[in-house]
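Read the structure below first, then the notes.
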Amino acid sequence: MDTPITHSQTLKSKPDATALGFGTNFTDHMFNMDYTADKGWHAPRIEPYAPIEMDPATMFLHYGQGVFEGLKAYRTATGKIQLFRPQENIKRLNRSCKRLCIPAVDENMVLDAMKQLISLEKDWVPDAPETSLYIRPTIIAMDPFLGVRASYTYRLFIILSPVGAYYPEGFNPVKIMVTSDYVRAVRGGVGEAKTPGNYAASLLAGEQAHDAGYTQVLWLDGVEQKYLEEVGAMNIFFVIDNEIITPALNGSILPGITRDSVIELARHWNERVSERKISIDELMEAHDAGKLQEGFGAGTAAVISPVGEIKYRDRVITIADNRVGPVAQKYYQAITDIQYGKADDPKSWIVPVS
Ligand SMILES: *Cc1c(COP(=O)(O)O)cnc(C)c1O
């Protein structure tokens, strides 16, 4: 299917590929599509990147009924452009929609639209090492109405942003802080949906962690504040006694695609990996017994983010001598090699764009 395109009359100058940050530059065009009760999802179109005009009473602004996704397009050494497991992002978008009472989208249609938009913007996919084009599909409730109910109208848009290397100074461990004062999500809540309110809810704990000299918050479960959930906008892994462990999905953890990729690769390589409940006390005991070998976060932005230090109450523990451990290194290399087409793709995760 061909999406109608309105070409922008004034193209932007592209930022220097070696000096890209994250999420500050946007391409010339965006994809838009609308939903109304009578027409369903309709009017898919690619248009110049532009502000969205909305009524001040737009429901999304007041009640946060919205969902989003985050994935990347990668340029290979031979100049091709490819996506990593994009179907998983679109399936998750629909699961988030269901939780937020937003009508589902046609998954093939959205993937197709994404590919057409990226093809049009192909010159925006940077080619410097470890750079990529970040893709942000978003759906927001559009009814101008000040009452709490699900909206009858929605807008889906996809914007693109060239992003730089996550580790411009090299692959380094981060320090994380367990918060006992706040929780990110509770079972039965919206923690497993990618919905804006989750991030608003995490800001205060994040600021407190920053003030204490830590990069990210390690969240405990919202019920007992005992079990590990995730870190910042990443899932968390530990290596204990040569086993790779990540908290089992329980309804309040965001089911990350990078998380799933680590688990699938570990199984493919016959490594010991388990998804289970793991408490902060078990983690501290493993450390004290000398069995905690590594910790790392996993998410699209950083791929793998090694953890060198954890603060919990009045204790601070160091992991892997605050260096990058072999497991974190191996998975970072393996996943990025597949994403950039440097290694073969044993699980058929790559979807070519051009
Ligand atoms: C997006 C996200 C992740 C990571 O998911 P990926 O699909 O691997 O990018 C983890 N936790 C939270 C809260 C997230 O928003």
Side-chain angles (χ1 to χ4, degrees), residues 22-23 64 66-74 83-97 99-100 107 111 114 132-139 161 163 166 174 176 178-179 182-187 189-206 209 215-222 227-238 244 246-266 275 295-307 328 331-332 334-336 338-339 347 349-351:
F22 183 90
V67 296
F68 67 95
E69 269 301 326
L71 67 161
K72 290 172 169 176
Y74 306 87
L83 301 168
F84 180 73
R85 311 187 73 184
Q87 302 94 331
E88 297 302 315
N89 290 90
I90 302 171
K91 276 190 213 158
R92 185 171 66 191
L93 181 71
N94 265 344
R95 292 200 305 272
S96 297
C97 280
R99 182 63 183 83
L100 275 291
E107 292 171 14
L111 178 56
M114 198 182 279
S132 57
L133 185 71
Y134 186 76
I135 306 162
R136 169 56 59 88
T138 306
I139 304 177
S161 172
V163 298
Y166 197 85
V174 297
I176 61 179
V178 179
T179 175
Y182 305 102
V183 298
R184 190 191 84 92
V186 292
R187 289 188 270 297
V190 292
E192 65 181 354
K194 247 180 149 64
T195 186
N198 285 335
Y199 306 85
S202 75
L203 296 176
L204 184 55
T215 316
Q216 303 263 12
V217 173
L218 176 56
W219 298 100
L220 300 180
D221 75 278
Y227 296 99
L228 305 179
E229 295 239 311
E230 53 184 313
V231 48
M234 291 187 285
N235 295 109
I236 187 79
F237 284 82
F238 290 99
I244 301 170
T246 192
L249 300 178
N250 59 358
S252 55
I253 293 172
L254 196 293
I257 293 155
T258 317
R259 172 189 182 278
D260 186 69
S261 304
V262 169
I263 295 167
E264 283 207 37
L265 279 179
E275 299 174 71
F296 56 90
T300 295
V303 187
I304 298 292
S305 183
V307 174
Y331 283 86
Y332 177 75
I335 293 172
T336 54
I338 295 171
Q339 290 169 334
K347 308 291 258 171
W349 283 338
I350 293 301
V351 172

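Just follow the structure's listing: the first ligand is 1, and inside any ligand the first atom is 1.
In this structure a side-chain-to-backbone donor-acceptor pair under 3.5 Å is present from Asn235 to Leu254. Side-chain N or O atoms of Arg85 include none that pairs as donor or acceptor with a backbone N or O of Ile350 at under 3.5 Å.
Taken from CD in Glu275 to CG in Asp260, the straight-line distance is 7.5 Å, to the nearest 0.5 Å. In this structure, OG1 on Thr258 lies 7.5 Å from CD on Gln339, to the nearest 0.5 angstrom.
The closest approach between Arg184 and ligand 1 falls below 4.0 Å for a heavy atom of the residue.
Polar contact with ligand 1: absent for Asn89 (N/O pair, distance under 3.5 Å). The shortest N/O to N/O separation between Gly70 and ligand 1 does not fall below 3.5 Å. Polar contact with ligand 1: absent for Arg259 (N/O pair, distance under 3.5 Å). For ligand 1, none of its N or O atoms has an N or O atom of Asn235 under 3.5 Å away.
Residues Cys97 and Ile139 are in side-chain contact: their nearest non-hydrogen atoms beyond the backbone lie under 4.5 Å apart.
Ligand 1 places these atoms under 4.0 Å from at least one heavy atom of Tyr199: 13 (C), 14 (C), 15 (O). Atoms of ligand 1 lying under 4.0 Å from any heavy atom of Thr300, numbered from 1 in the order shown and given with element: 6 (P), 7 (O), 8 (O), 9 (O). For ligand 1, the atoms closer than 4.0 angstrom to any heavy atom of Thr258 are 6 (P), 8 (O). Listed by atom number, the atoms of ligand 1 under 4.0 Å from Arg92 heavy atoms are 5 (O), 6 (P), 7 (O). Distances below 4.0 Å separate heavy atoms of Gly256 from the following atoms of ligand 1: 5 (O), 6 (P), 7 (O), 8 (O).
When only non-hydrogen protein atoms are considered, atom 14 (C) of ligand 1 lies nearest to Lys194 NZ, 3.0 Å. Closest to atom 3 (C) of ligand 1 among all protein heavy atoms lies Ala233 O, 3.3 Å.
No salt bridge links Arg259 with Glu230; every basic N to acidic carboxylate O contact stays at or beyond 4.0 Å. Between Lys347 and Glu264 there is a salt bridge, since at least one side-chain N of the basic residue sits less than 4.0 Å from a carboxylate O of the acidic one.
Thr195 and Arg99 are not linked by any side-chain donor-acceptor pair at a separation below 3.5 angstrom, with hydrogens and angles left out of the test.
For Tyr166 and Tyr332, the gap between ring centers reaches or exceeds 6.0 Å.
Looking at Glu230 against ligand 1, only its side chain comes within 4.0 Å, counting heavy atoms.
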